[in-house]
Amino acid sequence: MNYLGLAQPSITPIGELSSQPSTVTTVTTPEEAIIYLEGKVVDSAPFMGSGSYQLQDETGTVWVLTNGTLPQTGETVQITGKVTYQSIPIGGQDMGELYILEVEKLGANIPENTSTVQPVVDTDTEVKPISQPDPNEFLLPHKSNTK
C-alpha cells in the first residue's frame, strides 16, 4: 500500500527468514524489529481471543500470530510483524520454531474464485401483513369459549 505517495516498504521474502535462534537479531528500537511480509494464507488455527495463520510466498512459509481477525484461507495479505523465535529443547537439541507476531494488517485481497454468500432480495414479492392468531386456538380444550 502506498499512502500519500510515500515510498513503499521493502517486502521481506519469507525464505530469507532463518529458523536459527542465533540469526534472529536483537534490536534496540521497535522500528528496527518490524518487517513487511506479503503472501497467501494457506492454513489457520483459531485460539481463544487470538489465532495464527500460515503465510506462504514463492520462497517459503511462516506462521503468523495475531490478536486480530484471522484472514481466510486463500486470501493474500500484506502485514507488518516482528520476527520471534520460540526455543523448544528436546533431547538436548533445540527444535524451536520461528514465527511472526503480527503488528498490523496492511492489506488483504480475497481471491476471485472464492465465493461468498450474498442475500437474495426478491423485489417482485408483495409484502403481506402478518395476521394475528385467534387467541382461542391456544386455549386448552376445557377452557375454550365454546359450549
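As the structure is a prediction and not an experimental result, all values here were calculated from the model.
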Does I35 form a side chain to side chain contact (heavy atoms under 4.5 Å, CB included) with L17? I'd like the steps, not just the answer. CA-CA 10 Å; I35 62 167; L17 302 173; 3.9 Å; yes
Query raised in the report: Within the distance-only criterion (no hydrogens, no angle test), does the side chain of D57 pair as donor or acceptor with the backbone N or O of I14 below 3.5 angstrom?
Result: yes
For W63 and S52 the tightest heavy-atom approach is CE3-OG, 3.6 Å
What one should report as the nearest heavy-atom pair of S44 and T73 is OG-OG1, 4.4 Å
- Query: Under a single-linkage definition using a 4.5 Å side-chain heavy-atom cutoff for Ile, Leu, Val, Met, Phe, Trp and Tyr, are L70 and L55 assigned to the same hydrophobic cluster?
  - Reply: yes
To the nearest 0.5 Å, atom OG1 of T61 lies from atom NZ of K40 at 13.0 Å
Closest non-hydrogen contact found for P71 with V41 is CG-CG2, 3.6 Å
Can you confirm whether Q78 sits close enough to I11 that some side-chain heavy atom of one is under 4.5 Å from a side-chain heavy atom of the other? yes
CG of L37 to CD of Q56, rounded to nearest 0.5 Å, is 13.0 Å
Could you list the donor-acceptor pairs under 3.5 angstrom formed between side-chain atoms of residues 99-108 and any protein atom two or more places apart in sequence or on another chain?
{"unit_1": "E102", "atom_1": "OE1", "unit_2": "Y53", "atom_2": "OH", "d": "2.5"}
{"unit_1": "E102", "atom_1": "OE2", "unit_2": "T66", "atom_2": "OG1", "d": "2.7"}
{"unit_1": "K105", "atom_1": "NZ", "unit_2": "T69", "atom_2": "O", "d": "2.9"}

**Asked** Given the rule in the side chain to side chain contact (heavy atoms under 4.5 Å, CB included) test, do K82 and I34 qualify, once you have shown the distances and angles that lead to the verdict?
**Response** CA-CA 5 Å; K82 293 182 180 183; I34 302 295; 3.8 Å; yes
Let me see the working for E38 and T76 under side chain to side chain contact (heavy atoms under 4.5 Å, CB included), right down to the final yes or no. CA-CA 7 Å; E38 182 174 17; T76 299; 4.3 Å; yes
